[in-house]
6 protein chains.
Amino acid sequence: MKTAIYPGSFDPITLGHLNIIKRAANCFDKLIVCVMYNMEKNTGLFSPSERADLIRRVTMGVPNVEVDVSSDLLTDYARAKGATVVVQGLRAVSDFDKEFQMALINRRLNPQLDTMFLTASEKYMYLSSSAIKELAHYGVDLSGWVPWEIIDDVEQKMKELKGALPAF
Amino acid sequence: MKTAIYPGSFDPITLGHLNIIKRAANCFDKLIVCVMYNMEKNTGLFSPSERADLIRRVTMGVPNVEVDVSSDLLTDYARAKGATVVVQGLRAVSDFDKEFQMALINRRLNPQLDTMFLTASEKYMYLSSSAIKELAHYGVDLSGWVPWEIIDDVEQKMKELKGALPAF
Amino acid sequence: MKTAIYPGSFDPITLGHLNIIKRAANCFDKLIVCVMYNMEKNTGLFSPSERADLIRRVTMGVPNVEVDVSSDLLTDYARAKGATVVVQGLRAVSDFDKEFQMALINRRLNPQLDTMFLTASEKYMYLSSSAIKELAHYGVDLSGWVPWEIIDDVEQKMKELKGALPAF
Amino acid sequence: MKTAIYPGSFDPITLGHLNIIKRAANCFDKLIVCVMYNMEKNTGLFSPSERADLIRRVTMGVPNVEVDVSSDLLTDYARAKGATVVVQGLRAVSDFDKEFQMALINRRLNPQLDTMFLTASEKYMYLSSSAIKELAHYGVDLSGWVPWEIIDDVEQKMKELKGALPAF
Amino acid sequence: MKTAIYPGSFDPITLGHLNIIKRAANCFDKLIVCVMYNMEKNTGLFSPSERADLIRRVTMGVPNVEVDVSSDLLTDYARAKGATVVVQGLRAVSDFDKEFQMALINRRLNPQLDTMFLTASEKYMYLSSSAIKELAHYGVDLSGWVPWEIIDDVEQKMKELKGALPAF
Amino acid sequence: MKTAIYPGSFDPITLGHLNIIKRAANCFDKLIVCVMYNMEKNTGLFSPSERADLIRRVTMGVPNVEVDVSSDLLTDYARAKGATVVVQGLRAVSDFDKEFQMALINRRLNPQLDTMFLTASEKYMYLSSSAIKELAHYGVDLSGWVPWEIIDDVEQKMKELKGALPAF
């Protein structure tokens, strides 16, 4: 059985992330979507566990997906889970270098762990969590950008934090 | 069972290709390495079936690898083989755009077929079949560039074609 | 009155080209779509005048578009036409360098002529005339890739040239 | 009448910006140079209205240029102004991805609004507002980098903020 | 006699930096490795003079290398030292634009000063000081990433700062 | 004494090449400008020895420059000449990948040989030999693109070959 991990900050999950999740789940027996966070960096719109809850809600219909939260080093986490593949989405050439570097570092830290890249669907090529937060800040309707099940959560959270939020 | 296809011209197979093959074979239940060719373009150092023979020789130890030759459209070929994933190696940013375009076209032609990219190992990042032919032309020792099992074949073929070979 | 030129080989025009034409026509008072060719390079699926005919057919509904054919240097052609802007579509980062270089050369040859770039629509980001010829070669249905008005022409032309066509 | 918008932070305006303004003003009937700012991010060397004043001073000789300040979403601002084109300067490949993403998002938010890119003049290809602030910090003579009319303002402002200025 | 400068933040020096130093020292008569810092930005794992000490320790065996610390503008520093070349390492395409811009600015500030780029060795292509700090944070063994002579220093410093360290 | 090699096809030498030659000659004790050619590829506007003659004519004033012609493998040639550095000009990001690959291959073939890159001057960033041949084909005045000493030669050669020249 092949287990893959799709790590990220998912703050919040976008339709682009969801598209990668569905396609990756189709390629492997099991896909763990893992919200990775750094305990010493408390920034973010949603807390890590809130982010995981949002992901769970929108991936309920995908049977072989498991959602998790971790502050471990990705390669340690993968080893503990018995995963052999890391999945990453690539949107544009500027993603490429950073992800390439991460993939090489991770393979060095854990030679049994390989990184596979999926290209973003052209419909979601311009989507990022930070773009969504920027748009939400201006009151733009988020349908078509984030899964409909979580639009209210994002808009509600933006309202709460407005004024209190540092530059994102 | 997940079947993946690793298509290419493999003229000839390099240590970089072999590295991708071994890693991709580790990620999927079955990997078909397919020499794709265009019947109307007869260029190449080796014929498509010769290239497949060289690949077979160097992948004999990888149990879930199958080697094939085809002049079909990749998406048609994948459908016929029941494959759901195309594997591509990415060496550098200049590969990125072309492969990205191919991945988007292929997903449009066959929505059940997804492309996953593996980054080349840093050791083989600079390897390409055309670089190898260029080096062979200058009589450079090919060990460390192509699998040792096929070095004689490449050197022999270069000798035969010398003078008769157009610019590569 | 601002006149812009959209130069290219358009062999044949794609839905991506048509998208750029409509958007550019919306930005300037007049848009000249010009099939540029080099008299000494007779390659191509369609002849320059055939390409212009295809463009005329699919842009009939756009009032401020004029279609032309020229083998002149682009900057000379623009001067003769009184155009002050060259329009180019950008699909991907690999287009960028070449187009950037052309834009700098053209501004040097004719300081009154500036180049403006439009990003391809995400739907057509992966479309190119050569990809279309490749797909037509494999008998892929071209609707969704080229304007419907010219699909028969492309398929007919491919049939005629099959066997006689060198590698494209 | 075609109205274009050239949005930016312009903190402060450089000779590169001025070059884009003059060329864009030549391509459209009216060009609005708009200092866009985020009310919740108070960083910056000059305040938004100070930046607009500097722009006004150096564009006085360009008849069809209007200078404005706004904290609205760009697409909303453009709609209110009846603009159909956003103009952006492209300096290098690293600008490309971010601007490309913005252009796609903006077209989605306002399908009537298109983004056109002008390549920076080779003379100003390496100019950015942050490079200028870095150089001013070291006391470098700014002529040849920012319009001469505002050199004193930049040097004066740098002196005032020295010590009080966080890392830029 | 040709003197070259290799400037950087070196916080801390990596095996990738050391590789560039040895190769650059082989190309010029004298190489000054200079820790450049901005007095108003006190961030960093090690202080500038600590960083220089670490560099001295690992370059002791390279005879024509001198280590220095400076907060001057690079072009002023080079002039004072009589250096005619700045050496930079290039790891990936994303380094390229920034370094290219710096090289053009520096040549303009000091036409006698030229920048030469060395490509990172493929073994160290993925190495950066910030990646190393990230890995040290997770307790990863640093051998193979930083010179063995300074591993204890980095691990010790990380322990001291843990908790007190802002996000890096 | 440090000897560097600047290899290329130089068909013909441009002002961009000349700019790199002068700057590289300033960085090393001796610079060999070498026209590299492949005996089996007879394409080109000028023959290799004609190209070398043109280079000699325009570099007469640079004392430490030597001009040569070779069909050897670059690393073999460098070894025979006792050179330790290869110099390459970088114009744009698209040059980067290819040159990076060549640099890694060459260092592997000859570990004593390192490649250093100089960024093109912004004035010559868009210059290439093939652009010049394209412009000469259209009768564009070549001053400002190639050294004045060789303009007549290029124009004369273009006239001779007109009609006989395949697509360049």
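Both backbone and side-chain heavy atoms feed into the values below; hydrogens, waters and symmetry mates do not. Labels below follow one simple rule: chain letters A, B, ... track the order of the sequence lines, proteins then strands, and each chain is numbered from 1.
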TODO: Against chain A, label Ala120(B) side chain, backbone, both or neither, depending on which of its atoms sit under 4.5 Å from a heavy atom there.
DONE: backbone
Task: From Leu113(A) atom CG to Arg23(B) atom CZ, the distance as rounded to the nearest 0.5 Å - done: 10.5 Å
Task: Check: Lys2(B) side chain, Asn26(A) main-chain N or O, donor-acceptor pair, under 3.5 Å - done: yes
Task: Minimal non-hydrogen separation, Met116(B) against Val87(A), with atom names - done: CE-CG2, 4.2 Å
Task: chain A contact via Arg108(B) - side chain, backbone, both or neither, heavy atoms under 4.5 Å - done: neither
Open item on the list: Among Cys27(A), Ala103(A), Ala24(A), which residue has the highest count of heavy-atom pairs closer than 4.5 Å to chain B?
Closed with: Cys27(A)
Task: Proximity breakdown for Leu118(B) and chain A, heavy-atom pairs closer than 4.5 Å - done: both
Open item on the list: Within the 4.5 Å heavy-atom criterion, are Thr119(B) and Arg107(A) side-chain neighbours or not?
Closed with: yes
